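Working notes for the structure below.
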2 protein chains.
Amino acid sequence: MNSNQYLQAAELHCERRGCKLTALRKQVLELVLRHEGVVKAYQVLADLQKERGAAAPPTVYRALDFLVEQGLLHRVDALNGFIVCDHFECQHESMILVCETCGKVQEVDVMAALNGLRDVAQAADFTLSHQNLMLTGLCKACRV
Amino acid sequence: MNSNQYLQAAELHCERRGCKLTALRKQVLELVLRHEGVVKAYQVLADLQKERGAAAPPTVYRALDFLVEQGLLHRVDALNGFIVCDHFECQHESMILVCETCGKVQEVDVMAALNGLRDVAQAADFTLSHQNLMLTGLCKACRV
DNA sequence: GGCTTGATGTTATACAGTAACATGCGTTCC
DNA sequence: GGAACGCATGTTACTGTATAACATCAAGCC
């Protein structure tokens with residue numbers, strides 16, 4: 001799926017969910033797409049300023065929050081960053097693997113394996129939300 | 001284990017690992033212990049200032065980083081906070097459950113359940129580090 | 001004593017995120 | 001058409017989180 005296809009699909013996805021991927025939101029999504037892996041809010045802000053002049057933090061944060069809500073982006077807490085989710089259509093639970101060395105990020109599906117964790121949480125009287133796990137380790141390239 | 005016992009055990013733990021739980025570090029650890037659940041760095045800083053006058057952010061962050069490295073504290077990325085780990089002695093992999101509603105945090109052991117995730121990561125050519133999972137959901141009290 | 005090493009102090013600043021209010025703009029309802 | 005509403009965006013100012021860089025201090029070693 002190329003960038004344009006993605007944006008089109010994203011637009012449809014939003015419509016189906018009863019909200020609008022406005023020009024600004026689309027532009028922010030596009031800026032995130034342009035980077036590989038994790039992007040920081042202030043990076044997006046800088047990019048946005050290059051493209052449309054003045055822009056303040058709230059502009060970017062609002063768009064990013066929206067995109068996360070729609071499932072188009074994931075927030076990576078450990079890095080204060082955001083990554084594109086490229087399978088927002090399907091119900092999924094994914095695990096986000098963050099390489100300690102190079103910082104690269106990949107997302108893998110993990111529906112089945114999560115059940116074990118869900119059981120443990122349940123035993124502790126805790127109900128897991130639908131969510132994305134974030135785990136750290138070493139990616140193939142950084143493993144010696 | 002009460003607070004004093006904990007601090008003593010922590011001191012020993014550090015010595016065994018070839019480093020020192022200095023007076024400052026001990027004081028910071030104590031301040032974290034005093035709170036239930038997650039504490040913020042700047043909260044600790046404020047507490048520290050009350051006890052010893054002037055103190056700047058790096059003082060606290062350095063101590064907190066040290067304590068995390070030694071396994072005495074866990075960082076809770078999603079909340080920009082820290083919690084005490086009360087079983088730093090044993091090799092463990094734990095899952096930290098953060099309630100979306102009340103923000104309370106609990107830590108449960110999850111050695112076994114993690115293996116499923118490890119397998120999935122391995123299949124994606126990714127080696128998980130020894131780590132603590134952080135998951136969100138609803139605790140018993142907040143579930144209606 | 002003089003040197004090294006690691007911990008702490010200090011100053012300044014970078015980076016992350018939000019509150020609060022103003023403005024614009026399309027829809028609906030009359 | 002135009003009033004009223006709701007939502008997106010713009011703007012200002014601020015709060016909160018974290019670190020770089022350099023200065024100082026204290027303990028151990030030769």
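Quick note on labels: first sequence line is chain A, next is B, and so on, each numbered from 1. As the structure is a computational prediction, the values presented were derived from the model and not from experiment. Values below: every heavy atom of this structure, side chains too, minus hydrogens, waters and symmetry copies.
The listed nucleotides are C:dG17, D:dT11, C:dT10; the one nearest the side chain of A:T59 is D:dT11. Considering only the side chain of B:Y61, D:dT17 comes nearest among C:dA16, C:dG17, D:dT17.
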Show your reasoning for whether salt bridge (charged side-chain N to carboxylate O under 4.0 Å, His left out) applies to B:E11 and B:K26. CA-CA 8 Å; B:E11 197 153 10; B:K26 198 173 192 170; 2.8 Å; yes
Walk me through it: do B:Q8 and B:N4 pass the test side chain to side chain donor-acceptor pair (under 3.5 Å)? CA-CA 6 Å; B:Q8 258 186 325; B:N4 274 339; over 6 Å; no
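Among the protein residues, B:T22 comes within range of the sugar-phosphate backbone only, with heavy atoms under 4.0 Å from sugar or phosphate atoms but none that close to a base. Contact annotation for B:K20: no contact, since no heavy-atom pair falls under 4.0 Å across all strands.
Listed pair B:R75 / D:dT17 fails the phosphate criterion, with no side-chain N or O lying under 4.0 Å from OP1 or OP2. The shortest distance between the side-chain N/O atoms of A:N80 and the OP1/OP2 oxygens of C:dG17 is below 4.0 Å.
Comparing the helix axis at one end of the helix from C:dG1-D:dC30 to C:dC30-D:dG1 with that at the other, each defined from 5 consecutive pairs, gives an inter-axis angle of 10° (nearest 10°).
The base of C:dA14 does not come close enough to the side chain of A:Y42 for any donor and acceptor atom to sit less than 3.5 Å apart. A:R62 contributes no side-chain N or O that forms a donor-acceptor pair with the base of C:dG17 under 3.5 Å.
Nearest heavy-atom pair across A:Q49 and A:A55 is NE2-O, 2.7 Å.
Taking the ring centroids of A:Y61 and A:F66, they lie at or beyond the 6.0 Å cut-off.
Nearest-nucleotide assignment on DNA chain C puts the 5′-proximal partner with B:R25, out of B:A54 and B:R25.
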